[in-house]
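Being a predicted model, the structure only gives us computed values, none of them experimental.
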Amino acid sequence: MRRRVKQGIKQGVKGFNDLFHKPSDHSRSPSPAPSHSGPKPSAAVNVTTTSTNYLQEGLSALQHSLHMIQHEELKQSFGDLLIVTEAINQSSNQRVLVKLNGELKQLAEIPQNLGESSQVEKRVQDLASDISTAAKNAQAQFVRGSTKQEVNDLATISTLRDALHQAVSKFRTESVATTSTSDIKGKGRAISGRIVGALTIVEKSLDGIPVPGPKAVVGGLLEILKSINLLLDNEDDLKGLVDHLQRLVKVVTPPEGSSIDPDDADLAQRLEELMSDMKRVKTEAERIRDQNKGSKFFGSVDNAAAIAKLSKITEQAIDRFQTAGGIQVERRIRELRGGIERVEEKVLSAADEATLNNIQPRSENARYNSISQTSTSFCLAGTRIAVLEEITQWAENRDGHPIYWLYGMAGTGKSTIARTVAKHFEARRYLGASFFFSRDEKDRQTTDSTFPTIAYQLACLNPLFRSRIINAVRNNPNACTSMMQTQLEKLIAEPLQQVTHQSSPIVVILDALDECINESSIAELLSLLAPTIQSIRKSVNIKFFLTSRPEVHIKAVLTDPSMKAVSSVSHLHDVERSMVQADIRRYLDHHLSNINKTMLPQGTSWPSEEDKEKLAEMAGILFIFAAVCVKYIGSNHPPPPMTRLRKVLSSSSDESEVQPLKHLDTLYKQVLMTAMRDDEDEGLEFSEDLQKILGAIVLFFNPLSPAALENLLKMEEGSVWSNLGRFHSVLAVPPTKDLPVHIFHKSFPDFLTNSKRSGKHWFHIIPKDHHGHLAALCLTHMNGLLHHDMCGVGDALNDETDNRDKLMEKHVPHHLRYACEHWSLHLKLSDHTEELENELQVFCKTKILYWIEILSFAGKMDLAVPLINSARDWCKVSVATLCMQV
C-alpha cells in the first residue's frame, strides 16, 4: 500500500509542478513553422548530446518554441540564439551553464502565451531585438572553428545570461499593463483547468492513505474549482484564490517518500479543522455561484469582494493549519532534544560510573556502616556527651586544627565513638569518607587501598568533587596503584584544590590506625597528611579525625613538634573517670533491662542496683567490659542470665597481672570456661578442637565462614557451626554458615595469645604452633586439590574472560582459595618441622604451576613473588633451588 501511495503522490505532485511550465496539448499550435528569411533552425540547429550537456533542457525548449512563433523577427532572433548556445553548450563550466539554462527555459515559455494586438506586436519586436543583440554580442566573442570548440570565456556566458534575463523581465513587465480581457479569460481558464486536472491526480494518489483528512480536503478543493470555473471575468481575484488553493494542495500533500501516521492525533485534529474551514469556503462559493447564474459575475464589485473574502478565508485556514503544525513540530523538537539530553546524561553518567569503578584497589568494607563491619554499635543516647561535643566543636571550627587524634587503650570505646561521629556527621553532611582499619580483613589491614577508597567516597559525596576526581582518574590512570604520596596528590589533593571555596567542613575518619599490620606504612600515611591538608584547605575545609591505641610508631608522628600546628590530641584517659563510669552505668542499665524483659518471667526484679554498681565498678573505664558482659549474660545458651551474672560478680581476677585489664581478662576466662562441656570423657578432645577453632579465627589473615573453616581444619561437617554459638559474647557469629566469622573486639586475641593474661588454660594460644599447623593444612590442601585448568576454561584464559568470579566460586572452594593466597604468610611465622618441609617440597615439585594459574585467574598474580620470597626466607635457600625440580 505504501508503495502505491508513494507512486500516486509522486505522479500528482509532478503533474502539478508541470502546470505552469508546459502548455496543455489542446493549446499547442499543430501547424508547422513557416519559412523565414533567417537561417533555418531545423537545419542549422541540432541539439547535441555532449559529456556536459547542461543546456539540454533550455535548447530543447527553444527549439520546440521556434515551431510556434508566427512573428518573423522573433523567430529569427530565436534562431540566432540557438546557434550561439549550441556552441556554448560545449563548455565544461557547469555552474554558469546551469544558470544560463534557466534563462533559456524562461525565454522558451513566452511564445506559448502571445496574443494579437498592437501592444503585443511592439513588445515582441523589442524582445526580438534584445535577443538578437545579445546573441550577436556573444557570438562575436568566440573564435569560429570546429563544431567542438572549447568555450572558456566565462564573462561572455555570464553577459549573455544577464542580457536574456533583462529581456525576459522587460517583456513580462510590459505585459501586465497591456494584456487584454480576452487574454486574461483564456489564461484563467487554462490555469483553472490545469489545477483541476492536477487535483484530480492528487486525489486519486491519496486513496491508499489510512487518514481520510488529506483526501477529503483535496476533494473539497476540486468541488470549489468546478463551482467557479466559468467565473473568469476578474483575473486578479481569481489568481489570488488559485494561488491560495495551490498552496493548500502543497500543505496537505505528503512529501515524496513519506507517509501519514494514522495514530497522529494532532495531525488528525488539524486536518479536521482545515476541512471545516474549507467547507465554509465551498458553501460560500456555491452560494455566490447559484446567486449569479447567467450574470457577469466577476464584473460586479460586490462579487469581486466576495471572491477576495473566499481568498482570505482560505489563506487564514492555511496559516492556522501551518502555524499549529509549526508549534507541534517545535514541541516535538523540544521533546526530542530533551530525550537526547537525557540519553546523553545517561551515557555520560554510565561513563563516569565506569571511571569511578576503576578506582582500584579500594575497600567497600572500610566504610563505617559497611555490612561487613563486625560491630554496628553506636554510643547509647545520653553517653559520651562531652567527648562527642568536643569533636563536633572541633569539626565546625573553621580556624581549628585540621587533624584530631583520639587515642586510648584497648576497650575504651574508640571505634564506637568513631562510628557515632561518622553517623552524626553524615546526618549533618559533614562526612567526607570513612576508613575503619582491621587486621582481620586483608583489604583493611594495609594502607594500599586507603587513599583510593577515600577518593571514591569523596566522589560519591559531592558532585563538584565527583567531576574533578573522575577527570583526575582519567588523566592519571596509574595513580591508584602508585606510591601513597602520588595517590594522595593525584586522587585527592589536586582535584579538591580545583573546587571553589567550600566553607562547610568535610571530615575524613580513619579509625583503628593500630590495626594496620605494616607500622611503617601507617607512619608514612600520617606524615603525608599534614602538608597536604594545608594545601587543600585553601579551597576546601577538609579535616581528618583519627583514632588508635597509643602505639609508639603512631604517637611518634602525631606528637612530633612539626605536627603541633595541625593536630589536636585527645586521650580518653583524660576524660574524668566519674563521667565514664556514669556512661557505663547507663549502658548497663539499658541492656540488662532488655535482658529482663525478653528472657525472664514478667515482673521479675532483676538485677539489683547493688549488682549493677558492682559491674560498673569492675568495668572501670573499659566499655568493652560492659559490652562483653551483657553479651555473655544475655546468651541464649545455658546457664540462665541470673546464674551468669553471679559467675561474673563472683569471679576472681587474681591471675591477671595486667592491672588495667584484670576484670576484662577475668570476664574472658569466665566466658571461655562456660563454653566447655561438663562431660569429662570428651573434655580434652573437645578443648583441643575448640582451641584449633579459636586459634584459626584469631590468626587468620582473612576471615573465613564456618563452612570454609571446617574444610580447612578437616573437621566434621557442622562441628564448627554448632559450637560457635558458645562464643557469641566474644565472636561476631554470622546468621548462616556461609558468611565469615569476625572477632568482636581486638582485645580478645590479645588475651588469648598473651600467656600472662590467659595463663595455662586450654584456650591459651601459642601463635607459632598454630601458624605452623595452618601452614601445613594450606600446603596439604593445595597438594591434594590443585590441578591443570581448574576453572575449565581451556586455552581461552585471557584478560577478557567473562565471569571469573562465578567460575572461581564454582570450581575453587573458599578454603583452597585462602590456602593459595596465605600459605607462605603462615609458613613465615612458624617453626621448622619435617612435615612442613616435606609438604613444601611436594608443592614446589608438582603444584606450583597450577598455583600460579589460580592466582592469575583470580587476578592475584601480584602475590606470587612475595609469597615465594617469604617461603625462600623460611627455607634459607634461593628461589631457584626451591623450584629446581619444577
Side-chain angles (χ1 to χ4, degrees), residues 364-365 370-376 438-445 635-637 672 675 677 682 685-744 748-749 752 763 765 770-771 773-787 790-792 803-823 825-826 850-851 854-855 857-860:
E364 296 290 352
N365 298 330
S370 168
I371 193 172
S372 67
Q373 288 289 328
T374 58
S375 173
T376 57
S438 173
R439 66 177 69 247
D440 295 331
E441 294 188 26
K442 191 169 184 180
D443 58 346
R444 294 200 286 147
Q445 63 186 206
S635 174
N636 291 321
H637 294 272
L672 295 171
R677 290 180 178 173
E682 297 183 6
E685 181 181 354
F686 181 70
S687 64
E688 289 178 354
D689 288 344
L690 289 183
Q691 188 190 55
K692 289 178 181 178
I693 294 172
L694 289 177
I697 291 174
V698 301
L699 295 178
F700 273 154
F701 292 99
N702 212 34
L704 288 179
S705 66
L709 187 56
E710 288 171 355
N711 290 329
L712 185 66
L713 298 179
K714 295 185 176 181
M715 291 184 171
E716 293 182 6
E717 184 177 357
S719 59
V720 171
W721 175 249
S722 62
N723 287 303
L724 283 179
R726 301 171 182 271
F727 304 103
H728 199 279
S729 56
V730 291
L731 297 177
V733 181
T736 67
K737 64 179 182 179
D738 297 321
L739 296 176
V741 183
H742 294 276
I743 298 166
F744 177 63
F748 182 60
L752 292 178
F763 43 76
I765 293 172
H770 281 269
H771 277 299
H773 179 58
L774 292 173
L777 288 170
C778 289
L779 289 168
T780 300
H781 285 299
M782 289 192 296
N783 291 336
L785 297 176
L786 288 178
H787 60 81
M790 284 196 67
C791 294
N803 302 321
R804 286 177 178 245
D805 292 340
K806 291 182 178 179
L807 290 173
M808 287 287 291
E809 190 72 25
K810 180 178 179 181
H811 298 286
V812 184
H814 286 269
H815 72 284
L816 179 59
R817 204 180 312 180
Y818 179 88
C820 289
E821 296 179 13
H822 301 96
W823 63 272
L825 300 180
H826 289 297
Y850 306 145
W851 167 71
I854 289 295
L855 290 182
F857 194 82
K860 302 282 187 178

Could you walk me through whether K737 and E717 pass the side-chain contact (heavy atoms from CB on, under 4.5 Å) check?
CA-CA 11 Å; K737 64 179 182 179; E717 184 177 357; 3.7 Å; yes

Rounded to the nearest 0.5 Å, how far does [atom2] of [Y] lie from [atom1] of [X]?
| X | Y | atom1 | atom2 | answer |
| --- | --- | --- | --- | --- |
| L713 | H773 | CG | NE2 | 6.0 Å |
| N783 | C778 | CG | SG | 11.0 Å |
| F748 | L672 | CZ | CG | 4.5 Å |
| S719 | K692 | OG | NZ | 11.0 Å |
| E809 | K806 | CD | NZ | 11.0 Å |
| W721 | D738 | CH2 | CG | 9.0 Å |

Check whether any side-chain heavy atom of [X] sits under 4.5 Å from a side-chain heavy atom of [Y], and report yes or no.
| X | Y | result |
| --- | --- | --- |
| F700 | L709 | yes |
| H728 | H637 | no |
| F857 | L807 | yes |
| P734 | P706 | yes |
| V698 | H770 | no |
| I697 | L724 | yes |
| I854 | M782 | no |
| P813 | N711 | no |

Could you walk me through whether D440 and Q445 satisfy the side-chain contact (heavy atoms from CB on, under 4.5 Å) test, starting with their C-alpha distance in whole Å, then the side-chain angles of each, then the deciding distance to 0.1 Å, before giving a yes or no?
CA-CA 7 Å; D440 295 331; Q445 63 186 206; over 6 Å; no

Would you sort out whether I693 and M715 count as a side-chain contact (heavy atoms from CB on, under 4.5 Å), showing the intermediate values?
CA-CA 10 Å; I693 294 172; M715 291 184 171; 3.9 Å; yes

Before giving the answer on side-chain contact (heavy atoms from CB on, under 4.5 Å), spell out for L731 and H742 the whole-Å C-alpha distance, their side-chain angles and the decisive distance to 0.1 Å.
CA-CA 6 Å; L731 297 177; H742 294 276; over 6 Å; no

Is a side-chain donor or acceptor of H781 paired with a backbone partner of L712 at a separation under 3.5 angstrom?
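Between the backbone of L712 and the side chain of H781 there is a qualifying donor-acceptor contact (under 3.5 Å).
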
Nearest atoms (heavy-atom pairs only) where H814 meets A708:
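Taking every non-hydrogen atom into account, CB-CB, 3.9 Å.
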
Which atoms form the tightest heavy-atom contact between R817 and V812, and what is the distance?
NH2-O, 3.4 Å

Can you confirm whether E364 is buried at CD, in the sense that more than 12 heavy atoms of other residues, nucleotides or ligands lie under 6.0 Å from that atom?
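Check passes, neighbour count above 12.
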
Does a sphere of radius 6.0 Å around OH in Y850 hold more than 12 heavy atoms from other residues, nucleotides or ligands, not counting ones at 6.0 Å or beyond?
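No, not enclosed.
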
Which of parallel (below 30°), tilted (30 to 60°) and perpendicular (above 60°) describes H826 and H771?
tilted

